[in-house]
Novice: 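First the structure, which I've put down as structure tokens, then a few questions once you've had a look.
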Number of protein chains: 4
Amino acid sequence: MRLAHFEVGADRPLFLIAGPCVIESAGLAEETAGRLKEITDALGIPFVYKSSFDKANRSSLGSFRGPGIERGLQILEAVRQRIGVAVLTDVHEDTPLDEVAAVVDVLQTPAFLCRQTNFIRAVAAQGKPVNLKKGQFLAPWDMKHVVDKARDTGNQQIMVCERGVSFGYNNLVSDMRALAVMRETGCPVVFDATHSVQLPGGQGTSSGGQREFVPVLARAAVAAGVSGLFMETHPDPDQALSDGPNAWPLERMQALLETLVELDGVVKRAGLIECAESPSS
Amino acid sequence: MRLAHFEVGADRPLFLIAGPCVIESAGLAEETAGRLKEITDALGIPFVYKSSFDKANRSSLGSFRGPGIERGLQILEAVRQRIGVAVLTDVHEDTPLDEVAAVVDVLQTPAFLCRQTNFIRAVAAQGKPVNLKKGQFLAPWDMKHVVDKARDTGNQQIMVCERGVSFGYNNLVSDMRALAVMRETGCPVVFDATHSVQLPGGQGTSSGGQREFVPVLARAAVAAGVSGLFMETHPDPDQALSDGPNAWPLERMQALLETLVELDGVVKRAGLIECAESPSS
Amino acid sequence: MRLAHFEVGADRPLFLIAGPCVIESAGLAEETAGRLKEITDALGIPFVYKSSFDKANRSSLGSFRGPGIERGLQILEAVRQRIGVAVLTDVHEDTPLDEVAAVVDVLQTPAFLCRQTNFIRAVAAQGKPVNLKKGQFLAPWDMKHVVDKARDTGNQQIMVCERGVSFGYNNLVSDMRALAVMRETGCPVVFDATHSVQLPGGQGTSSGGQREFVPVLARAAVAAGVSGLFMETHPDPDQALSDGPNAWPLERMQALLETLVELDGVVKRAGLIECAESPSS
Amino acid sequence: MRLAHFEVGADRPLFLIAGPCVIESAGLAEETAGRLKEITDALGIPFVYKSSFDKANRSSLGSFRGPGIERGLQILEAVRQRIGVAVLTDVHEDTPLDEVAAVVDVLQTPAFLCRQTNFIRAVAAQGKPVNLKKGQFLAPWDMKHVVDKARDTGNQQIMVCERGVSFGYNNLVSDMRALAVMRETGCPVVFDATHSVQLPGGQGTSSGGQREFVPVLARAAVAAGVSGLFMETHPDPDQALSDGPNAWPLERMQALLETLVELDGVVKRAGLIECAESPSS
């Protein structure tokens with residue numbers, strides 16, 4: 001399918017959705033978008049910048065939620081114009097969707113909301129490409145119904161995204177089989193390599209994270225076979241205002257992406273043997 | 001705390017929230033409410049009638065969603081007046097909350113939406129008692145934060161409800177420890193004995209259920225120690241328009257409740273030994 | 001079925017298997033057995049004393065394993081004779097089974113070994129009643145195969161025991177549905193209320209435990225409907241040489257059992273509604 | 001470490017342990033070993049042939065268990081001599097270990113037995129390289145204790161193997177983080193790509209499997225970073241006498257391995273970024 005100004009899909013080169021979890025400031029947004037554009041241009045990776053204007057489902061009440069929709073959209077618009085990248089943001093149960101859709105290139109729906117029929121349909125009805133995150137409570141084959149709800153609006157630019165599934169309390173596991181299962185929807189499959197290493201609620205009043213596993217899961221998912229990768233990054237993750245524990249440091253992004261592009265090339269040149277006809281059949 | 005016209009709490013007699021999953025018709029609503037009132041009056045069980053006007057998160061697009069808010073509220077209002085019972089209904093991300101709060105005695109928030117800060121606060125701000133369902137993805141100790149978000153609005157009439165936690169794909173498990181953990185919030189703890197036996201998405205385009213385990217889990221939860229019980233019931237579960245596979249038959253409700261009331265009496269007369277001081281300490 | 005000198009089963013009064021996890025000394029064994037006999041005699045609970053001569057699967061190498069088979073059997077024999085109680089102990093992959101069977105009244109197989117065909121058959125072939133613990137990795141319906149392997153030896157005195165199922169890492173959950181499912185084997189179903197609150201490996205080099213949940217799970221299981229209950233107890237759990245964190249204090253055993261006997265009475269007088277014919281069918 | 005006639009480790013080329021689950025006949029053993037030797041020689045993959053003489057933990061009593069130890073060892077010895085490959089087999093709680101160790105190059109311990117201290121020590125004490133399978137119920141960091149028990153015998157040729165972790169009932173999930181966690185033991189880490197797609201007990205009296213996910217998980221694990229891969233294969237999986245549903249067809253092994261070798265090369269040339277020092281620190 002068409003995503004902003006490039007084609008994405010199971011047999012197209014890996015694309016990247018990346019940026020800081022939340023919009024902290026115009027300066028940080030432009031700095032990170034600029035650096036990510038340089039890196040992805042150099043490596044030939046189609047790139048969409050991601051950042052949130054409002055974190056609507058923080059663990060506890062006192063957490064930083066972002067600049068709000070008005071200021072947030074101004075900053076995303078500026079990133080889009082000045083840096084020349086496509087932008088994605090996530091919307092919530094009470095977001096004025098048309099205001100957001102007027103600015104960004106891609107809309108994203110939160111994992112917790114994947115079963116809210118009206119919400120999913122309202123987002124899809126904006127006519128922009130949508131990245132549907134799979135709920136932490138959902139089996140991968142059940143994403144078919146979420147996709148059906150979205151496509152029923154007439155929007156065919158739908159992506160599905162794995163971000164880990166509940167595994168006991170305060171932990172998620174990334175089931176690589178889910179990536180193969182979700183290919184059956186016909187949608188480009190995206191792996192969210194940073195939320196997958198979250199420990200939800202694992203720090204008492206906020207979610208913890210295991211940054212050191214980001215490259216492990218990212219490599220695994222790319223080799224399993226995906227269309228795109230989602231990663232939150234920050235120049236100084238320990239100072240990030242949201243999801244720092246699971247953000248990948250910006251300065252180490254290039255090295256990681258170099259390996260991922262190579263792995264993606266190996267897998268896509270060879271083709272997915274599990275999708276091929278058996279020689280004897 | 002005060003719930004409609006009775007006091008509920010860890011040391012008060014078990015109360016019951018029950019009714020058909022979705023409002024199917026005025027006739028069915030009054031029939032079931034009337035019968036449940038008779039049974040609970042006879043057994044001395046404080047009772048709140050439950051039914052939904054809109055199932056906003058059905059597995060797939062083609063499922064029956066209910067009569068809609070206008071007709072649904074009319075029916076609930078009629079049940080309230082004619083049968084003389086308190087009524088509860090669940091609200092969703094796009095429900096006009098004030099319209100619902102003007103009619104019902106208790107509001108309920110869906111499990112999937114337990115982390116949506118604005119939504120939880122908007123519901124609590126209606127000033128009615130609220131039953132907060134715990135997400136299938138949430139650890140029981142993390143309900144504290146959800147309760148904090150609700151109470152921060154000034155509403156202290158907050159209940160918390162266990163309805164099963166994700167256990168692999170298309171299955172839930174009811175962790176009886178969660179009931180004890182959630183007592184720490186200070187809120188009355190409710191156990192949802194019918195959604196806990198759901199097999200989410202387990203029938204392809206809809207969720208399956210294991211009705212035969214409803215009494216097993218209900219007895220277990222009451223003995224573990226709860227303030228209230230939530231059960232969906234229907235005169236003919238196999239013909240129910242929503243959640244039939246996990247509804248308990250109306251005609252068998254009295255027999256089940258008789259045992260549950262006895263168990264509740266045993267536990268509450270004895271007191272919870274895990275909450276008592278050790279004799280040696 | 002016959003268990004030592006009493007009948008046990010789904011419709012018989014609750015029986016108890018209890019004692020310190022490991023045999024620490026002859027003195028402790030006789031003290032605990034004596035006290036448990038007094039309590040259970042007073043409450044009319046059929047009782048089997050449990051203690052291990054060797055903990056063969058401790059988390060780490062340095063943990064205390066017990067007095068060994070020779071001294072251990074001497075102590076169990078003495079408890080049996082002097083206190084006048086039936087005794088149970090667990091056997092392992094390299095235990096000389098005939099030596100143990102010559103002394104004890106009941107043999108128990110470890111959860112980890114429930115799929116070892118030769119071992120299960122060798123234990124059952126001793127002709128003593130056997131308590132088969134369900135593996136932490138096993139679905140309750142799969143215990144049927146374990147029971148079949150045991151019964152195939154001709155031994156029909158087989159019990160099945162739930163002790164929690166893997167739930168993420170270093171945690172177990174007790175699925176009360178499993179107790180109902182395992183009734184289908186026709187064997188008396190036992191709930192192990194103390195190992196179920198273990199946090200396996202949760203203390204680095206040993207397993208942690210959540211003693212405060214023992215009464216919660218014990219009450220829940222008895223109300224769900226079981227034939228017997230298994231609980232490890234110790235006069236001073238914090239000083240116990242094995243599984244102290246999940247042992248229930250001996251001095252609080254009577255109070256807990258009083259409630260459990262009452263709950264068991266309620267459930268068994270009423271009968272299990274899920275096993276009864278529906279009035280309409 | 002030295003494994004048979006080659007060096008294996010985190011920075012050495014991927015090695016392969018493969019063969020039919022159970023020894024079905026001398027003919028099949030030599031045919032499969034010969035073909036696997038050809039393929040691995042051509043691709044430069046260090047290779048160990050695997051097959052079991054006894055399946056000691058089949059789901060149910062009626063399942064085929066293998067040729068037994070005497071005939072099984074004769075066949076493995078013949079494979080070793082005639083085909084010129086190293087051989088591995090798994091041992092059980094009642095196996096005469098010295099007889100097996102006298103024939104094979106590598107011993108393997110079953111996942112269910114990973115916590116049996118005496119057994120693990122007895123196997124390690126044979127002085128042969130040992131592949132320790134991680135239990136389906138064990139957290140990856142707890143394999144350290146299993147390794148310690150094995151190494152305490154003086155044997156330093158210890159490998160650890162991930163084969164999936166319990167995820168609800170009758171399902172396993174492969175947590176790719178576990179591969180990174182187990183590297184901390186210092187042992188070569190092996191991923192078992194065929195048992196990881198088992199559905200334990202999922203076919204009533206036997207375990208099901210999802211062969212189509214073998215390549216997905218194998219690619220993911222190699223890209224996550226492992227020393228070796230374990231895969232069961234068969235010329236005609238649908239006719240295999242054990243574990244056919246999760247065996248990978250022999251005729252498709254070469255194509256799969258070609259991709260895996262390429263992925264392994266990418267990852268090991270680049271180095272594991274999560275193990276490298278951060279440039280700024």
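Quick note on labels: first sequence line is chain A, next is B, and so on, each numbered from 1.
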Novice: Decide if atom NZ of D:Lys128 counts as having more than 12 heavy atoms of other residues, nucleotides or ligands within a radius under 6.0 Å.
Specialist: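 Enclosed: over 12 neighbouring heavy atoms sit under 6.0 Å from NZ of D:Lys128.
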Novice: Taking side chain as everything from C-beta outward and backbone as N, CA, C, O, which of these in D:Arg58 sits under 4.5 Å from a heavy atom of chain C? Side chain, backbone, both or neither.
Specialist: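 Backbone only.
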Novice: Can you say whether D:Asp148 sits under 4.5 Å from chain C via the side chain, the backbone, both, or neither, judging by heavy atoms?
Specialist: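 Only the backbone of D:Asp148 comes within 4.5 Å of chain C.
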Novice: Please name the residue in the list C:Phe119, C:Phe137, C:Phe112 that meets the ring pair (Phe, Tyr, Trp, His ring centres under 6.0 Å) test with D:Phe112.
Specialist: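 Filter result, single survivor: C:Phe137.
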Novice: How far apart are the closest heavy atoms of D:Pro200 and C:Asp142, and which atoms are they?
Specialist: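 Closest pair (atom of D:Pro200, atom of C:Asp142, distance): O-OD2, 4.1 Å.
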Novice: Using a 4.5 Å cut-off on heavy atoms from C-beta on, say whether the side chain of C:Gln116 contacts that of D:Asp94.
Specialist: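 No. Closest side-chain heavy atoms not under 4.5 Å.
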Novice: What residue in D:Ala122, D:Ser59, D:Ala139 has the most heavy-atom pairs under 4.5 Å with chain C?
Specialist: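 Among D:Ala122, D:Ser59, D:Ala139, the one with the most close pairs to chain C is D:Ser59.
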Novice: Does any backbone or side-chain atom of D:Leu138 lie under 4.5 Å from a heavy atom of chain C? Answer side chain, backbone, both or neither.
Specialist: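 For D:Leu138, the contact with chain C is made by the backbone alone.
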Novice: When rounded to the nearest 0.5 angstrom, what is the spacing between NE2 in C:His92 and OG1 in D:Thr117?
Specialist: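 Answer rounded to 0.5 Å: 10.0 Å.
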Novice: Out of D:Val173, D:Val165, D:Leu113, return the one with the most heavy atom pairs under 4.5 angstrom to chain C.
Specialist: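 Sorted descending by pairs with chain C, the first entry is D:Leu113.
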Novice: With respect to chain C, which residue among D:Pro140, D:Pro110, D:Gly168 yields the maximal number of heavy-atom pairs within a distance under 4.5 Å?
Specialist: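 Among the listed options, the one with the most contacts to chain C is D:Pro140.
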Novice: Please rank D:His145, D:Lys55, D:Arg65 by heavy-atom pairs under 4.5 Å with chain C and give me the top one.
Specialist: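 Heavy-atom pair counts peak at D:His145.
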Novice: Hey, what do you get for OG (C:Ser60) to CG (D:Asp152), rounding to the nearest 0.5 Å?
Specialist: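 Answer for the OG-CG pair, C:Ser60 versus D:Asp152, is 11.5 Å.
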